[in-house]
Amino acid sequence: MRSLFSLFVFLFAVSVSAVSTTGNRLLAILDDVADKENYSKFLGDLASRGFELTFETPKSETLALFHLGERKYDHVIFFPTKTKGLGPNLTPNILVQFLNANGNVLVTLSSGVVAPNSLVSFLAELDIQLPVDRTGLVVDHFNYDTASAADLHDVLLLPPPTAVRSDIKNLFGAGAPADSVVAFPRGVGAALGASELLTPIVRAPRTAYSYNPKEQAEVVDDLFGAGEQLSLVSSFQALNSARLVLLGSAELLQDKWLDEAEVTKVDGKKAKTFNREFAKRLSAWAFQELGVLRVNWIEHRLDEAGGSNETNPKIYRIKNKVSYTISLSEYAYDTWSAFNVPTNDVLQLEFSMLSPFHRLPLSFDKTRSTKDAAAYTTTFVLPDQHGIFNFKINYKRPFLSNVEEKNTVSVRHMAHNEWPRSFAISGAWPWIAGIAVTVTGWIGFCALWLYSAPPTDKKKQTKKTQ
Amino acid sequence: MSADPLDTLATIGKGKSTRSALRVVILALIAAASIASRLFSVIRFESIIHEFDPWFNFRATKYLVANGFYSFWDWFDDRTWHPLGRVTGGTLYPGLMVTSGAIWHALRALTIPVDIRNVCVLLAPAFSGLTAIAAYLLTNEMTTSNSAGLLAALFMGIAPGYISRSVAGSYDNEAIAIFLLVFTFFLWIKALKQGSMLWGALCALFYGYMVASWGGYAFITCLLPLHSFVLICMGRYSTRLYVAYTTWYALGTLASMQIPFVGFLPVKTSEHMPALGIFGFLQLLAFLDYVRSAIPSRQFQSFLWIFAGGIFTIGLAGLVVATSAGIIAPWSGRFYSLWDTGYAKIHIPIIASVSEHQPTAWPAFFFDLNMLVFLFPVGVYLCFQELADEHVFIIVYAVFGSYFAGVMVRLMLTLTPVVCVAAAIAISTLLDTYLDTKTPPEDQQSAEGSEKKSAKPGLKSASKPVVGVYSIWSKGLMVGSFSIYLLIFVLHCTWVTSNAYSSPSVVLASRMPDGSQHIIDDYREAYQWLRQNTKEDAKIMSWWDYGYQIGGMADRPTLVDNNTWNNTHIATVGKAMSSREEVSYPIMRQHEVDYVLVVFGGLLGYSGDDINKFLWMVRIAEGIWPDEVNERSFFTPRGEYRVDGEATETMKNSLMYKMSYYNFNNLFPPGQAVDRMRQARLPEVGPTLSTMEEAFTSENWIIRIYKVKDLDNLGRDHISAAAFDRGQKKRKATKKRGPRVLRVE
């Protein structure tokens, strides 16, 4: 019922916006509202996907992310701004609050522009480090566009992103033409900490490094980062699935790089850029249009012949056989489809009290799946331990929104009348026979006693001795 | 009609039927008085369940009334001992709940719609009336004196030793158990005296009821065999004893095994072995008795006695062997602490931490029994004078009751009945001797005196100097002084009941400067807050003392409660309370704790708070995790337990200390925060909490409730997240010295 209701609400929401699963109010922060012309294609793409764009400068007095404690916007894009701070309305605390309130953020940096203090400390909270003095330039003397950056080697040509791990779907680079590249002009690389919530989308090539063009023009002695430790495009997904993308090169989104048909590799070959599609996927992921999972319903029930057919009962008994099914959907741009677990990955169910008693793989259940919802199921016997247990699904993968579901059930002990009866246990037969013999013996003795008169003369004798 | 009205009155008093009518009236009045004196708490406060355990009993009764007997019998309680749950139906003594449930149903059948709470509150006083009657019956078996029974009933009705556990609202097992104890003893004496199977079966029936009601049934289980054994040793074996004992044992053991909590304990544990042993011993004796009657030979007889002794020794040896081999469960820790009062303190801190398990202080005997404690030995002495089977029982009971009452405070309760009976025998003997208005004729003096000595021995001073009884003055003096003593006794009992035993302890009473009563109601305020402001399945962590109350009043699941069945779980809570936040937080996450409740008496000077109990938490936790929790580190190098600036770092960083004193110094001008309970000046900077936030603090700060924070949404640890919220900037990682941690994937 609840899932039906949420489905209804969802359908209603779709008819209104047909975009992101969390809302379509998008705020773009620019130095100057006129700057948006540089990004007209990218912003046009966003608008065409149904986002309502609002443009503000950091200095604007009307700028506020929250109104009466509620989020005013669902997503924020930061384009590079020259101001040193971002003013009292975009302090790191407010930005953290924005993420905590399920808002999504896309931060773009540019090597030419010093990153604002506020953003730097905000990113530091997420364990993302920017280069010293908040400016840096990533160059690679082996992978650059010879056409536009012949001297400075600062327009990197990168292969389309591949999957980070084998059990993760390649959301950003899948389907890219074989020889296409992502052009990454004059970007800033960031160093990611060990936080589990961070995932690099695009790492710098092994030969790239970051330096400060103003101070280290001659000699680079103290290297901020090099090779794959530099993340050019990074993603962060909070526990509540709010997302942040850090794009090292804002220029990538500008019209001239978004559509530039051809770049020249170091070996002289021409290649097509993948930038427009990449930018689309990047923003779609950041704004909850891609890689969003939804739990449609969860059902667990007794799987025993003659048992109750109640759905999601509050209490089971030890050693009951129980089936558990979860239905998942995945969102892509405007449609929900069945979520198929990647080939190397497994969706697991934990049945736990303090620690897991069972950790079971869930298998695809064809009969209960539909076109836009996949059901995964398993059947198992509850442990021989009473207590308060949780059916737990903890499916957290990079680039997919977090699925953490907990259904609490009590597992009770055997009731006094649920044990087998004594006559059903063969070991009890001698005892039952013993009872029968005693009873009949006693009755027999009573009968004998009643119907046998004692000899009268001997009775006196026995009394005497007493 | 011509007779003097005084004479008529005297003749009325002499008629047998009028006497018994009078006795009934007096007994009814005594029962009414014993009920009335227990109502102080209802009048002073309100009709409320008291203390801790009664809250569980009340909750269980409500469950029974709402869900019926069978679901109560198989009750799995998932709202206590989270996440283990408790098989409550199988781990409680159901007698109390079933009794009040039955009363409630009976009243409803009579179309008296009464709240189950009122049934529970008034159950203990009602049963104390019955106890008085049972004491009357028991005493009447001991003596032919008519007044002894009535006096015993009166003493039983108002003795503070019993009232302490049976005021209105004290809805605990003892409320009905003492009645059952006394009544079972009465039936036992009756069965023994008459050698009657019927009385033996009745005794077994009430013994079964007793087993269903209170863990203290073991007292009966041990006392009856002991009495029988003493009788046998005195050479008083008889068929009466055989019939009474075997009937009681066979039926009573079967009855006791029907209670799930007891189950097979009667054939498995050492506490029940004496009863089994005497049962077997009696069979042997009966057999030998039969053989003896069949073969009249003195030599053979003595041989048989040796044979019986041999069997007994072999049985005892077998018992020892079976116990050491583990076939019979060894004595439980609670029993060891009955022999060695220091045992629990060393081995089982959880038992020692309960105040009612402490050894009794000597003044408590006078406080709880007043003058009866002096008359008690007199009564026992009088029993020695007569020494029939039933008097042996009183003597045995007196010896063991006194010992156990000296070892454990709460066992004063089992001593009280025998004290009342013995004291009543003593006083009635005195009064019977001195209240005789007739002066014996001069010539019969010597003859009667010698006759009395041999036939009806009484107290020496009462029987021998018959001379004293001739003087009306000495009679008057004796009777007058005892009347005064008795009046003082009543005064004392009333005073103790009203001042010491009628506080519900849920509500604290204090006096305003003008003398009017001021009620401190922080407990209920906090529990009400929990009930109204938290999710229905929000788990509350607190020290186990408050578990039953939270379950009963706030209706929220708890981690541990007063049913201390799982020491490890309690130690886990103790560890969470006594460790640093970083250690406690994962424990609380694992146990799905939503709120933590602490009791803090620093503002009001309330002594029963958690900081004072804190060392027990540390000790219990140390018992399980000796490497992680260390009691010594909570004491200063000079061995002091301090909470002020001199407190140790372990103390200051413990979760309990932080939760108790969090924000406390904001109440005072800077640097002047004072803990009124411990008279300690607290450091100027109070503790900071990062993994939890203050959710509620009651009016007088007695109860403080903290909400456990969720994991940080951005994956930071709580300390840095809290620092960030306070506006402290994170140090730039690039300025850190040392190699950067590389990310590997």
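Lettering follows sequence order; numbering is per chain, from 1.
- Within a 6.0 Å radius of CE in B/Met197, other residues, nucleotides and ligands contribute 12 heavy atoms or fewer.
- Residue contact with chain B, scored on non-hydrogen atoms closer than 4.5 Å, is absent for A/Phe389.
- Highest contact tally toward chain B, considering only A/Thr91, A/Val96, A/Asn417, A/Leu244, is held by A/Val96 [criterion: heavy-atom pairs under 4.5 Å].
- Considering only heavy-atom pairs separated by less than 4.5 Å from chain B, the leading option among A/Met414, A/Met353, A/Glu196, A/Glu228 is A/Met353.
- The line from OG1 of A/Thr408 to CG of B/Asp78 is 10.0 Å long, rounded to the nearest 0.5 Å.
- For A/Arg359, the CZ atom sits in a loose shell: 12 or fewer heavy atoms of surrounding residues, nucleotides or ligands are nearer than 6.0 Å.
- Counting heavy atoms of neighbouring residues, nucleotides and ligands inside a 6.0 Å radius, atom CD of A/Glu418 exceeds 12 of them.
- Side chains of B/Leu714 and A/Asn100 form a contact here, defined as non-hydrogen atoms less than 4.5 Å apart.
- In this structure, no portion of B/Asp289 lies under 4.5 Å from any heavy atom of chain A.
- Within 6.0 Å of NZ in A/Lys84 there are 12 or fewer heavy atoms belonging to other residues, nucleotides or ligands.
- Heavy atoms from other residues, nucleotides or ligands lying under 6.0 Å from CH2 of A/Trp431 number 12 at most.
- Using a 4.5 Å cut-off between heavy atoms, A/Leu354 contacts chain B through both its backbone and its side chain.
- Residues A/Asp127 and B/Arg716 are not in side-chain contact: their nearest non-hydrogen atoms beyond the backbone lie 4.5 Å or more apart.
- Annotation: side chain of B/Phe724 is in contact with side chain of A/Pro92 (closest heavy-atom distance under 4.5 Å).
- Heavy-atom pairs under 4.5 Å with chain B were tallied for A/Gln385, A/Arg412, A/His386, A/Lys314; the largest tally goes to A/His386.
- With rounding to the nearest 0.5 angstrom, the CH2 atom of B/Trp81 is 12.0 Å from the CD1 atom of A/Ile388.
- A/His413 contributes atom NE2, which lies 11.5 Å from atom CZ of B/Arg86 (distance to the nearest 0.5 angstrom).
- One N or O on the side chain of B/Asn713 and one on the backbone of A/Asn240 form a donor-acceptor pair closer than 3.5 Å.
- Using a 4.5 Å heavy-atom threshold, the side chains of A/Arg317 and B/Phe76 count as separate.
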